[in-house]
Colleague: 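Before anything else, here's the structure in question.
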Amino acid sequence: MMLALRRACIFRAVVFMAFLPPPPRAQDPAMVHYIYQRFQVLEQGLQKCTQATRAYIQDFQEFSKNISVMLGRCHTYTSEYKSAVHNLALRVERAQRELDYLEYLREADVCAESEDKALAEKLVQEAEEEQRVRTLLNASCDNMLMGIKSLKIVKKTMDTDGSWMKDAVSDSPKVYVFIGSRNNTVWEFANIRAFMEDSTKPAPRKLILTHSWQGTGQVIYKGFLFFHSQGTPNEIIKYNLQKRIVEDRMLLFGGAGRALAYQHSPSTYIDLAVDEHGLWAIHSGPGIRSHLVLTKIEPDTLGVEHSWDTPCRSQDAEASFLLCGVLYVVYSSGGHGPHRITCVYDPLGTIIEENLPNLFFPRRPRSHSMIHYNPRDKQLYAWNDGNQIIYKLQTRRKQPLQ
């Protein structure tokens with residue numbers, strides 16, 4: 001194409017020269033100068049023609065390149081459209097098969113259909129429930145309790161009932177102390193050393209809550225205090241310790257608050273707990289010889305994620321805790337020793353109670369006011385007859401789910 005354009009420019013130049021008047025004398029300087037100027041004009045025209053031709057070729061190349069890119073995109077879109085149409089056709093075909101199957105069931109015997117449908121729905125619900133529980137408790141924690149290794153008395157106070165703890169997930173070394181079974185005052189210590197030694201500086205900080213707590217089932221989780229509100233049967237309050245305001249609240253159903261959670265803990269109707277899976281609530285179910293109800297709570301929204309009716313009885317129980325999604329209930333006879341774990345409930349069914357060793361606590365004169373597991377420290381915090389105690393644990397891996 002460029003060669004043709006060049007030839008056209010040369011042809012125009014030759015034609016232009018053909019119409020030039022012949023010089024009267026070849027030796028006339030003015031005529032020579034005139035011819036020279038005309039040739040310069042002709043040369044400039046040829047240069048402009050060449051430049052225009054190159055610009056046209058460059059524009060045409062860019063245009064061709066853009067067209068190629070757009071054709072490639074069109075091909076991609078065409079492939080995606082064909083794939084989408086194919087998938088839609090498959091879904092329509094599958095839906096048609098399902099409609100045909102439903103039509104077949106409708107024409108079958110009504111009684112047999114009802115029984116089969118009920119059985120199928122039950123099986124589906126059970127499978128969905130099992131999958132939901134496995135998803136809910138699917139965390140990187142597969143330990144089970146094998147024994148209480150040792151006991152350490154951190155401090156002794158004059159108060160029979162109370163609770164003490166650290167934040168279950170935060171790296172903060174702060175220690176929080178709740179004295180008594182009904183109060184609105186929380187003592188915050190800078191660390192466990194400051195709690196052990198009263199003379200250690202800085203002095204503890206006194207936090208006055210806007211609502212009073214009841215029982216010894218308080219927990220601190222991600223900087224929030226969760227407790228059973230005094231004067232209510234089943235209200236759980238989420239309290240922001242930093243802002244000192246009520247962040248949220250919920251009502252725990254399923255018979256919560258109607259009876260003591262543990263026979264030998266006369267002030268605790270709802271016991272809250274934290275483990276590797278998050279926030280839990282333990283309370284007594286309905287009935288004279290009631291069993292404990294275990295409820296998983298979503299800490300951000302205070303919504304109930306799931307509840308289980310456990311085989312563990314409230315009678316003769318004094319406390320409980322959770323470790324890796326498994327409930328361990330501590331019992332004692334008459335509120336005195338020995339203190340032992342005789343009921344273990346695993347919602348996933350990976351722990352068989354008969355395969356566990358005898359789980360005893362070191363002998364104490366009275367029952368525990370509280371026993372809470374701290375998943376960050378991997379140890380138990382307990383309150384027993386005014387003594388603040390730490391129990392170190394011995395664990396091993398659970399059997400994997402089949």
Colleague: Under the criterion side chain to side chain contact (heavy atoms under 4.5 Å, CB included), I'd like the reasoning laid out for Met250 against Ile297: C-alpha separation, chi angles, the key distance, then a yes or no.
Modeller: CA-CA 10 Å; Met250 69 172 291; Ile297 300 175; 4.0 Å; yes
Colleague: Would a distance-only check, ignoring hydrogens and angles, find a side-chain to backbone donor-acceptor pair under 3.5 Å from Glu305 to Gly303?
Modeller: no
Colleague: Does a side-chain N-to-carboxylate-O contact under 4.0 Å join Glu276 and Lys378?
Modeller: yes
Colleague: Do Asn240 and Arg244 touch side chain to side chain, with heavy atoms closer than 4.5 Å?
Modeller: no
Colleague: Answer yes or no on whether Lys155 is positioned over the face of Phe195, meaning its NZ or CZ is under 6.0 Å from the six-membered ring centre and within 45° of the axis.
Modeller: yes
Colleague: Answer whether the closest heavy-atom distance between the side chains of Ser314 and Gln263 falls below 4.5 Å.
Modeller: no
Colleague: Are Lys238 and Phe224 in a cation-pi setup, meaning NZ or CZ lies under 6.0 angstrom from the ring centre and within 45 degrees of the ring axis?
Modeller: yes
Colleague: Return yes if some donor-acceptor pair links the side-chain N/O of His291 with the main-chain N/O of Asp309 below 3.5 Å, else return no.
Modeller: no
Colleague: Under 30°, 30 to 60°, or over 60°: which ring-plane class applies to Phe361 and Phe321, parallel, tilted or perpendicular?
Modeller: perpendicular
Colleague: Can you check side chain to side chain donor-acceptor pair (under 3.5 Å) on Glu62 and Asn66, steps first, answer last?
Modeller: CA-CA 6 Å; Glu62 292 180 357; Asn66 293 334; 5.9 Å; no
Colleague: Can you confirm whether Val186 sits close enough to Val177 that some side-chain heavy atom of one is under 4.5 Å from a side-chain heavy atom of the other?
Modeller: no
Colleague: What's the verdict on side chain to side chain contact (heavy atoms under 4.5 Å, CB included) for Leu225 and Leu209, showing C-alpha distance, side-chain angles and the deciding distance?
Modeller: CA-CA 10 Å; Leu225 168 63; Leu209 308 182; 3.7 Å; yes
Colleague: Do Thr268 side-chain atoms and Ile270 backbone N/O form a donor-acceptor pair below 3.5 Å?
Modeller: no
Colleague: If you apply the rule side chain to side chain donor-acceptor pair (under 3.5 Å), what do you find for Glu318 with Ser265, and how did you get there?
Modeller: CA-CA 5 Å; Glu318 61 180 71; Ser265 184; over 6 Å; no
Colleague: Using every non-hydrogen atom in the two residues, find where Leu260 and Ser284 come nearest and quote the distance to one decimal.
Modeller: O-CB, 3.2 Å
Colleague: Measure across Asp167 and Gly223 and return the closest heavy-atom pair with its distance rounded to 0.1 Å.
Modeller: OD2-N, 2.8 Å
Colleague: Of the non-hydrogen atoms in His372 and Thr216, which two are nearest, and what is the gap between them?
Modeller: CE1-O, 3.9 Å
Colleague: Would you find a donor on one side and an acceptor on the other, under 3.5 Å apart, between the side chain of Asp275 and the backbone of Gly325?
Modeller: yes
Colleague: Do the side chain of Ser369 and the main chain of Gly162 share a donor and acceptor less than 3.5 angstrom apart?
Modeller: yes
Colleague: Between Trp280 and His277, how do the two ring planes meet: parallel, tilted or perpendicular, split at 30° and 60°?
Modeller: perpendicular
Colleague: Around Gln242, counting heavy atoms of other residues, nucleotides and ligands shown, do more than 12 lie under 6.0 Å from its CD?
Modeller: no
Colleague: For Cys49, does its backbone N or O pair with a side-chain atom of Thr53 as donor and acceptor, under 3.5 Å?
Modeller: yes
Colleague: Using ring-ring contact (aromatic ring centres under 6.0 Å, His included), reason through Trp164 and Phe178 one step at a time and then give a plain yes or no.
Modeller: CA-CA 6 Å; Trp164 72 294; Phe178 302 77; over 10 Å; no
Colleague: When rounded to the nearest 0.5 angstrom, what distance separates CG in Asn191 from CD in Glu197?
Modeller: 9.5 Å
Colleague: Hey, are the side chains of Ile390 and Tyr381 touching, using non-hydrogen atoms and a 4.5 Å cut-off?
Modeller: yes
Colleague: With a 4.5 Å cut-off on side-chain heavy atoms, are Val329 and Ile341 touching?
Modeller: no
Colleague: Is the count of non-hydrogen atoms from other residues, nucleotides or ligands lying under 6.0 Å from Lys149 atom NZ greater than 12?
Modeller: no
Colleague: Check step by step if side chain to side chain donor-acceptor pair (under 3.5 Å) holds for Thr301 and Glu298.
Modeller: CA-CA 6 Å; Thr301 63; Glu298 210 293 315; 3.2 Å; yes
Colleague: Hey, mind stepping through Leu88 and Leu90 against side chain to side chain contact (heavy atoms under 4.5 Å, CB included) and telling me if it holds?
Modeller: CA-CA 5 Å; Leu88 179 60; Leu90 291 178; over 6 Å; no
Colleague: Could you state the interatomic distance from NE2 (His75) to CD (Glu80), rounded to the nearest 0.5 Å?
Modeller: 10.5 Å
Colleague: I'd like to know if the side chain of Tyr331 and the backbone of Ala319 have a donor-acceptor N/O pair within less than 3.5 Å.
Modeller: no
Colleague: Around atom CZ of Arg73, are there more than 12 heavy atoms from other residues, nucleotides or ligands closer than 6.0 Å?
Modeller: no
Colleague: Taking atom CG of Asp159 and atom NZ of Lys156, what is their separation to the nearest 0.5 Å?
Modeller: 10.0 Å
Colleague: For the atom pair CD (Gln394) and CE (Met146), what is the distance rounded to the nearest 0.5 Å?
Modeller: 7.0 Å
Colleague: With distance as the sole test, does Asp346 use its side chain to make a donor-acceptor pair with the main-chain N or O of Leu348 at under 3.5 Å?
Modeller: yes
Colleague: Between atom CD of Glu235 and atom CZ of Phe227, what is the distance when rounded to the nearest 0.5 Å?
Modeller: 8.5 Å
Colleague: Starting from the C-alpha separation in whole Å, work towards a yes-or-no answer on side chain to side chain donor-acceptor pair (under 3.5 Å) for Tyr176 and Glu188.
Modeller: CA-CA 5 Å; Tyr176 298 87; Glu188 179 187 273; 3.2 Å; yes
Colleague: Would you check if the side chain of Arg396 reaches a backbone N or O of Leu145 as a donor-acceptor pair within less than 3.5 Å?
Modeller: no
Colleague: Would you say Ser332 and Ser367 are linked by a side-chain donor-acceptor pair, where the criterion is simply a distance under 3.5 Å?
Modeller: no
Colleague: Give a yes or no on whether a salt bridge exists between Lys166 and Asp377, defined as a side-chain N under 4.0 angstrom from a carboxylate O.
Modeller: yes
Colleague: Just how far is it from atom NZ of Lys222 to atom CG of Leu279, taken to the nearest 0.5 Å?
Modeller: 10.0 Å
Colleague: Do Trp213 and Asn184 come close enough that some side-chain heavy atom pair is under 4.5 Å?
Modeller: no
Colleague: Quick one: are Pro362 and Ile148 in side-chain contact, heavy atoms under 4.5 Å?
Modeller: yes
Colleague: Check whether any side-chain N or O of Gln218 sits under 3.5 Å from a backbone N or O of Gly215 as a donor-acceptor pair, and report yes or no.
Modeller: yes
Colleague: Under the side chain to side chain contact (heavy atoms under 4.5 Å, CB included) rule, what do Tyr373 and Leu393 come out as? Steps first, then yes or no, please.
Modeller: CA-CA 10 Å; Tyr373 172 70; Leu393 306 177; 4.0 Å; yes
Colleague: Can you name the nearest heavy-atom pair linking Asn374 to Ala168, along with the distance?
Modeller: OD1-O, 3.7 Å
Colleague: With the side chain counted from C-beta on, respond yes when Asn143 and Arg397 share a heavy-atom pair under 4.5 Å apart, and no when they do not.
Modeller: yes
Colleague: Determine the sole option in Leu356, Thr395, Val326, Leu323 for which the side chain to side chain contact (heavy atoms under 4.5 Å, CB included) test with Met144 is passed.
Modeller: Leu356
Colleague: Grab the two heavy atoms, one from Ser229 and one from His211, that are nearest each other, plus how far apart they are.
Modeller: OG-CD2, 4.5 Å
Colleague: So which heavy atom on His283 is nearest to which on Tyr269, and how close?
Modeller: CB-O, 3.6 Å
